Amino acid sequence: QVHMVESGGGLVQAGGSLRLSCSASGSISSINAMAWYRQAPGKQRELVASITIGAATNYADSVKGRFTISRDNAKNTVYLQMNSLKPEDTAVYYCNGYKLFGSLRIGHDYWGQGTQVTVSS
């Protein structure tokens, strides 16, 4: 079992910045990639950004150039630096841990409890 805990959400004005953190604990060997998803009211959960243990990253088009995902493998922690925030970034942000075998996603998905990000106009 892997326990994921997010922190860093809050209320910010449009154009502002926030930094989310997610720490993983437990059976860390069960995951080798981490990601951030978000879910806005009435919408499906969507991928925001992902990062492998080798630091390969992937971003949703809507956040490219504004958000940066990074990780500290020694601390089993992933970060999401969010700049130039827009009202449409308002959502609950979830941390996700999973295992990649090559490009295949295998094993169990682990999720945090979510952290609210609200961007006012």
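Keep in mind that this is a model prediction, so the values were computed, not measured.
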Linked, directly or transitively: Met82 and Leu47 (ILVMFWY side chains, under 4.5 Å): no

Mark yes when over 12 heavy atoms from residues, nucleotides or ligands other than Gln113 sit less than 6.0 Å from its CD; otherwise mark no. yes

Determine, using ring centers only, whether Tyr37 and Trp111 are less than 6.0 Å apart. yes

Quick one: are Ile106 and Leu100 in side-chain contact, heavy atoms under 4.5 Å? no

For Arg45, the salt bridge (charged side-chain N to carboxylate O under 4.0 Å, His left out) test, sequence neighbours excluded, returns none

Correct closest heavy-atom pair for Ala35 and Ile69 would be CA-CD1, 4.4 Å

Has Arg66 got a side-chain atom pairing as donor or acceptor with Ser62's backbone, closer than 3.5 angstrom? yes

Ignoring hydrogens, what is the shortest heavy-atom contact between Ala24 and Met34? Give both atom names and the distance. CB-CE, 4.1 Å

Taking every non-hydrogen atom, the tightest pair across Leu80 and Ala49: CD1-CB, 4.3 Å

Hydrophobic clusters here meaning ILVMFWY residues chained together by side-chain heavy-atom distances under 4.5 Å, can you tell me if Met4 and Val48 are in one? yes

Please tell me whether Gln116 and Thr118 have a donor and an acceptor in their side chains that are separated by less than 3.5 angstrom. yes

Tell me the closest heavy-atom pair linking Gly9 and Leu20, and the distance in Å. N-CD2, 3.5 Å

When rounded to the nearest 0.5 Å, the distance separating NZ of Lys99 from CD1 of Ile53 is 9.0 Å

Is Arg19 positioned over the aromatic face of Tyr79, cation under 6.0 angstrom from the ring centre and no more than 45 degrees off axis? yes

Show the numbers, then the answer: is there a side chain to side chain contact (heavy atoms under 4.5 Å, CB included) between Val117 and Leu18? CA-CA 9 Å; Val117 171; Leu18 280 174; 3.9 Å; yes

Locate the shortest heavy-atom distance separating Arg38 from Ala91; write the atom from each residue and the value. CB-CB, 3.8 Å

Counting C-beta onward and ignoring hydrogens, is there a side-chain heavy-atom pair between Tyr94 and Thr115 closer than 4.5 Å? no

Any non-hydrogen side-chain atom of Asn96 less than 4.5 Å from a side-chain atom of Asp109? yes

Basic-acidic side-chain contact under 4.0 Å: Asp61, Lys64: yes

In terms of hydrophobic clustering (I, L, V, M, F, W, Y; side-chain heavy atoms under 4.5 Å; direct or indirect links), are Trp36 and Val119 co-clustered? yes

Check the pair Gln81 / Ser70 against side chain to side chain contact (heavy atoms under 4.5 Å, CB included), numbers first and verdict last. CA-CA 8 Å; Gln81 178 66 43; Ser70 60; over 6 Å; no

List the steps, then state whether side chain to side chain contact (heavy atoms under 4.5 Å, CB included) holds for Tyr110 with Gln1. CA-CA 8 Å; Tyr110 299 94; Gln1 186 74 11; 4.1 Å; yes

Nearest non-hydrogen partners of Val78 and Cys95, listed with the distance: CG1-SG, 3.9 Å

Under 3.5 Å: donor-acceptor pair, side chain of Glu6, backbone of Gly114: yes

Give every residue pair that meets the side-chain hydrogen bond (donor to acceptor under 3.5 Å, both in side chains) criterion with at least one member in residues 20-32, sequence neighbours excluded. Ser23-Thr77

